[in-house]
Amino acid sequence: MDHSLPIEGARATLDAAGKIVTPGLFDLHTHVYWGATYWGIEPDPIAARTGVTTWLDAGTAGGYSFRGFAVTWSNGVRAGFSPS
């Protein structure tokens, strides 16, 4: 953070002295198709407490399960979904 940024007009300020401030983190190898495989996790509760804002699922869904994966992510998870 830049100490020269004006705070007048800010809706809120936070004293982050002694803290580490970082933008959202990327997790480049996850399995977030919960219930489809042993390794699948629910991303929302974990992301909320770890600072991860971007997840890359590294193979939870395959040719036989991708349709269910796409429906699950586009209909019920707060995190964004972008099929590639």
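These numbers come from a predicted model, not from an experiment.
- Across Arg49 and Pro45, no two heavy atoms sit closer than the pair NH1-O, 3.3 Å.
- Partner Val32 forms a side chain to side chain contact (heavy atoms under 4.5 Å, CB included) with one of Ile41, Asp44, Asp27, Ile46 and no other, that one being Ile41.
- One finds the CG atom of Asp57 at 6.5 Å from the NE2 atom of His31 (value rounded to the nearest 0.5 Å).
- The structure places OG1 of Thr53 at 7.0 Å from CG of Leu25, a figure rounded to the nearest 0.5 Å.
- Proximity of a side-chain donor or acceptor of Thr30 to a complementary backbone N or O of Trp55 within less than 3.5 Å is not detected.
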